[in-house]
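Bear in mind the structure is a predicted one, so any value in this text is a computation, not a measurement. Note: hydrogens, waters and symmetry copies are ignored here, and every other heavy atom, side chains too, is used. Here is the naming used below: chain letters follow the sequence lines, and residue numbers restart at 1 for every chain.
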Amino acid sequence: MRWSNLFIPTLRDAPAEAEAVSHQLLVRGGFIRQLQSGHYSMLPLGWKIHKKVSAIIREEMDAIGGQEFLLPAMHPADLWQKSGRWETMGEEMFRFVDRKGADQALGMTHEEVFASLGTEITSYRHLPQIWYQIQTKFRDEPRPKSGLLRVREFAMKDSYSFDIDDEGLNTSFDLHHGAYVQIFSRLGLDAFPVEASSGAMGGSASVEFMVESDAGEDDVARCLSCGYSANVERASTALIPIENRSSGDEPESFPTPDVRTIAALAELGHSPEHQIKTLVYVVDGELTLILLRGDHPFLEQKFIDITGAGDLRPATGEEIRSALGASPGSLGAVGVTNLPIYVDLALQNRSGMATGANTDDVHYSGVDVQRDINVTKWVDVRAILEGEPCTNCGDPITITRCIEAGHIFKLGRRYAEAMGTTVLDSEGKSQTLTMGSYGIGVERAMAAVAETHHDENGLMWPMSITPYEVVITLLKTDHTESVASAEQIYNELSESGIDVLLDDREERPGVKFADSELIGIPLRVTIGPRGLENGIAELNTRSNNQQTEISLDSVVGEVTNLVTEGRSKSS
RNA sequence: CGGGUAGUGGCGCAGAUUGGUAGCGCGCCUCGUUCGGGGCGAGGAGGUCGUGGGUCAAAUCCCGCCUACCCGACCA
């Protein structure tokens with residue numbers, strides 16, 4: 001293509017509202033424009049990348065036997081009512097009523113639709129199946145942010161596997177794991193798998209593919225020695241042993257006027273690791289105590305995953321007072337028998353602890369958790385802290401900010417059951433299928449690449465997804481020889497299937513150089529009178545800013561080699 | 001939803017404290033000059049100052065609303 005005919009609206013300044021680097025550069029480079037919060041238009045350059053990312057995903061999905069579908073984006077309410085998610089998805093689902101008065105939703109994901117299509121799989125002989133699509137998803141995010149990283153409307157490759165048993169599901173899951181490794185590698189993304197929480201989707205094994213970036217929204221716990229890695233939503237670490245203080249025969253109360261916090265109680269000689277923190281939550285309508293060591297933060301997601309709770313919120317001051325007779329700051333679980341008490345594992349075998357006495361301005365010391373507290377269930381619900389020992393090898397854990405680029409998990413039979421997705425097995429018995437669900441966000445992947453591939457001059461696309469593989473920078477558009485030479489190289493490269501961009505604009509060289517760097521084309525061939533006199537062109541590599549002079553007649557061959565090499569290279 | 005910030009030409013911004021009919025840089029158009037890293041000169045086009053109300057008069061002051069961004073909550 002000729003730059004003079006293309007719509008590439010580059011900007012010298014990023015819009016004030018763009019904060020994330022990927023957001024700034026994608027807007028400045030003329031790849032995207034915002035229509036409203038969380039909704040972006042793909043301009044020609046952005047759409048080219050989008051298509052290349054999709055193509056890579058397709059190839060790798062096809063390679064593991066995936067079959068591509070295209071499902072409706074708009075769904076009838078009753079489909080979602082069947083799975084129960086019409087209620088549980090809440091405000092995140094876009095809903096409206098059509099002219100007939102029927103409730104409708106825009107699909108946030110397609111478990112329901114695929115599972116209902118799956119009812120037409122009737123025999124175990126037809127298994128396994130892997131079905132996928134690249135479809136627009138709609139989610140009414142409470143806060144879209146960071147450009148393409150978190151939006152309300154986006155393309156996602158979602159695939160679903162159908163198997164008759166766990167063994168089959170494991171195979172389908174592993175196939176996807178392998179495909180994802182391939183996909184991210186080809187995209188130039190350094191993505192690594194981590195154990196994840198399954199969240200609202202339910203299911204058992206769940207692995208996220210993470211790309212390290214400050215622009216991300218997830219924290220990942222990693223052990224650099226043994227390779228352990230998990231989303232902090234489910235990560236656990238070993239405890240540094242703590243020697244119990246001596247306990248008497250029973251807890252001893254002591255006055256603590258104006259002591260309302262862990263820190264205040266610590267000043268009275270009870271350091272946080274010798275305190276019990278008592279949280280009061282309303283869990284699915286039931287008042288519940290949650291106990292942690294004084295210095296350990298509570299992680300709601302872990303609690304939800306363990307208990308399967310649907311609704312979780314901190315109790316109000318009044319609820320707490322009427323149930324326990326004291327206000328936050330003096331709460332404790334000693335002597336409480338009428339409420340469920342969940343206790344974090346870090347409190348196992350602990351004694352000599354301090355905690356509130358459920359009387360304002362009074363605390364207990366010498367509490368033995370096992371002896372004095374009526375534990376309903378021991379649970380791991382604490383947030384881990386950077387530097388704590390790895391459970392595997394004991395080395396310190398680091399916590400890294402990451403972008404979630406992909407998520408694969410085993411759904412099990414939940415959706416198949418709801419939709420009646422069954423087959424007959426070899427003995428003629430009806431069996432409910434077990435499913436897996438696997439997702440990659442296309443625009444998020446683009447943003448993640450932008451986030452990790454740029455310098456102060458602009459983007460640096462990997463050859464695999466760059467909108468153009470090479471740009472020919474024609475320095476003087478009124479210099480006949482230059483034009484002829486550039487045209488010839490342009491034609492020859494085009495004919496050999498290279499994605500080539502000819503910068504034939506009547507602009508000053510500086511503008512052309514700056515623009516080509518901003519939009520991140522991997523290779524640049526500079527044609528100008530000065531070089532032509534000596535029969536040479538200049539070849540510039542964006543990723544390392546290397547510049548070499550090569551003879552005019554070797555340009556096509558050299559560029560073709562570099563492009564071919566770059567396309568097949570996985571990072 | 002809670003806290004914060006901001007809406008003035010395509011992009012970046014000034015003007016507001018002291019109400020009186022809008023200005024700068026970049027970009028855009030024309031001409032000239034220049035021509036290997038966003039040049040220079042001259043002339044031009046383009047704005048209901050987010051929106052509704054209050055005040056003789058509002059970009060400016062007051063009130064309501066909308067929109068966008070950031071932090072938090074939330075979130076396959």
Side-chain angles (χ1 to χ4, degrees), chain A residues 7 9-20 23-24 27-28 30 33-39 85 88-93 107-111 137 139-147 149-152 154 156-160 196-203 206-209 215 217-218 231 233 300-301 304-305 311-314 404-411 414-415 436-441 444 457-458 473-479 482 503 505-518 524 526-533 536-538 540 545 547 549:
Chain A
F7 182 62
T10 58
L11 297 173
R12 199 177 285 204
D13 302 304
E17 65 266 18
E19 178 127 328
H23 188 192
Q24 294 183 349
V27 173
R28 280 188 57 207
R33 286 295 183 264
Q34 183 182 80
L35 180 63
Q36 61 170 324
S37 182
H39 300 259
R85 293 208 291 179
T88 56
M89 277 309 178
E91 302 215 285
E92 209 186 331
M93 185 151 70
M108 337 183 16
T109 174
H110 283 74
E111 277 79 6
K137 310 295 181 197
R139 294 182 190 180
D140 195 351
E141 292 288 345
R143 182 149 90 89
K145 55 186 280 201
S146 306
L149 279 172
R150 181 168 214 78
V151 291
R152 303 205 305 173
F154 59 99
M156 177 164 98
K157 185 288 295 177
D158 49 326
S159 48
Y160 305 85
S197 154
S198 302
M201 301 296 305
S206 169
V207 169
E208 288 167 334
F209 286 83
E217 299 183 276
D218 287 272
N231 193 305
E233 287 179 352
E300 291 190 6
Q301 190 64 47
I304 290 168
D305 288 347
D311 184 47
L312 183 70
R313 66 168 173 85
E404 179 192 342
H407 196 168
I408 60 178
F409 47 96
K410 300 177 183 172
L411 285 177
R414 174 178 164 190
Y415 295 94
S437 166
Y438 318 89
I440 294 181
R444 184 179 283 186
N457 295 323
T473 301
L474 175 57
L475 256 20
K476 265 179 87 72
T477 51
D478 55 358
H479 183 250
S482 291
D503 192 352
R505 296 174 300 166
E506 290 178 24
E507 290 287 354
R508 296 174 57 78
V511 173
K512 297 190 175 197
F513 292 143
D515 272 347
S516 78
E517 280 152 16
L518 174 61
R524 179 173 73 211
T526 306
I527 305 283
R530 214 167 67 193
L532 280 184
E533 276 177 28
I536 58 163
E538 211 170 82
N540 191 284
N545 200 28
Q547 210 152 291
E549 297 194 330

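Shortest non-hydrogen contact noted between A:S146 and A:A20 is CB-CB, 4.0 Å. In this structure, A:M93 and A:R85 approach most closely via the heavy-atom pair CE-O, 4.3 Å. Across every non-hydrogen atom of A:P529 and A:K476, the tightest pair is CG-CD, 3.6 Å. Nearest approach of A:G38 to A:V151, heavy atoms of both residues: O-CB, 3.3 Å.
Judged by Watson-Crick or G-U wobble contacts below 3.5 Å, the nucleotide B:rU55 has no partner. For B:rA16, there is no paired nucleotide, since no Watson-Crick or G-U wobble pair has both relevant distances below 3.5 Å. When both distances must be under 3.5 Å, the Watson-Crick or G-U wobble mate of B:rG9 does not exist. Of the nucleotides present, none pairs with B:rA22 by Watson-Crick or G-U wobble criteria with both distances under 3.5 Å. When both distances must be under 3.5 Å, the Watson-Crick or G-U wobble mate of B:rG50 is B:rC65. B:rA42 is paired with B:rU30 under the Watson-Crick or G-U wobble criterion, all donor-acceptor distances under 3.5 Å. Across all strands shown, B:rG72 pairs with B:rC1; the Watson-Crick or G-U wobble distances both stay below 3.5 Å.
Between A:K145 and A:E217 there is a salt bridge, since a side-chain N of the basic residue sits under 4.0 Å from a carboxylate O of the acidic one.
One C1' atom belongs to B:rC69, the other to B:rG32, and the distance between them is 44 Å to the nearest Å. Separation of the C1' atoms belonging to B:rA57 and B:rG20 is 7 Å when rounded to the nearest angstrom. Nucleotides B:rG39 and B:rG27 have their P atoms positioned 6 Å apart, rounded to a whole Å. Rounded to whole Å, the C1' atom of B:rC56 lies 32 Å from the corresponding atom of B:rU67. Remark: the separation of the C1' atoms in B:rG7 and B:rC11 is 15 Å, to the nearest Å. The separation of B:rG50 from B:rA6, taken at their P atoms, amounts to 14 Å, rounded to a whole angstrom. Separating the C1' atom of B:rA59 from that of B:rU8 is a span of 7 Å, rounded to the nearest Å. Nucleotides B:rU17 and B:rC62 are separated by 10 Å at their P atoms, to the nearest Å.
Contact between the side-chain N/O atoms of A:S37 and the OP1/OP2 oxygens of B:rU67 is not found at any separation under 4.0 Å. Side-chain N/O atoms of A:Q34 include none lying less than 4.0 angstrom from OP1 or OP2 on B:rU67. The phosphate of B:rC74 has neither OP1 nor OP2 within less than 4.0 Å of any side-chain N or O from A:R313.
Atom CD in A:E92 sits roughly 13 Å away from atom P in B:rC74 (whole-Å rounding). Distance, A:R143 CZ to B:rU67 C1': 16 Å, rounded to whole Å. Rounded to a whole Å, the CD atom of A:E538 is 10 Å from the P atom of B:rG37. Taking atom CG on A:L149 and atom C1' on B:rC69, their separation rounds to 15 Å, with Å as the unit.
When heavy atoms are screened at a 4.0 angstrom cut-off, A:D158 is found touching no nucleic acid atom at all. Residue contacts shown for A:K145 are limited to sugar-phosphate atoms, with no base heavy atom under 4.0 Å away. Across all strands shown, A:E300 has heavy atoms under 4.0 Å from sugar-phosphate atoms exclusively, and none from any base.
If A:R524 and A:S146 are placed on RNA chain B by their nearest nucleotide, the residue sitting closer to the 5' end is A:R524. Checking A:E404 against A:R530, the closest nucleotide of RNA chain B that is more toward the 5' end is the one next to A:R530.
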Polar atoms only, N or O, under 3.5 Å: list the protein pairs with nucleotides 4-14 of chain B and their distances.
unit_1: B:rC11; atom_1: O2'; unit_2: A:D13; atom_2: O; d: 3.0
unit_1: B:rG12; atom_1: OP1; unit_2: A:A16; atom_2: N; d: 2.6

Scan nucleotides 28-35 of chain B against the protein and return all N/O pairs shorter than 3.5 Å with their distances rounded to 0.1 Å.
unit_1: B:rU34; atom_1: O2; unit_2: A:R508; atom_2: NH1; d: 2.8

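Checking side-chain atoms of A:K512 against main-chain N and O of A:L474 turns up a donor-acceptor pair under 3.5 Å. Between the side chain of A:Q24 and the backbone N or O of A:A18, at least one donor-acceptor pair lies under 3.5 Å. Remark: the backbone N or O of A:K157 is not paired with any side-chain donor or acceptor of A:K137 at under 3.5 angstrom.
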Trace of the salt bridge (Lys or Arg N to Asp or Glu O under 4.0 Å) decision for A:R414 with A:E111: CA-CA 10 Å; A:R414 174 178 164 190; A:E111 277 79 6; over 6 Å; no

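Applying the side-chain hydrogen bond (donor to acceptor under 3.5 Å, both in side chains) test to A:R28 and every residue at least two apart in sequence or in another chain returns nothing.
Expressed to the nearest 0.5 Å, how far NE2 of A:H407 lies from CD1 of A:I440 amounts to 12.5 Å.
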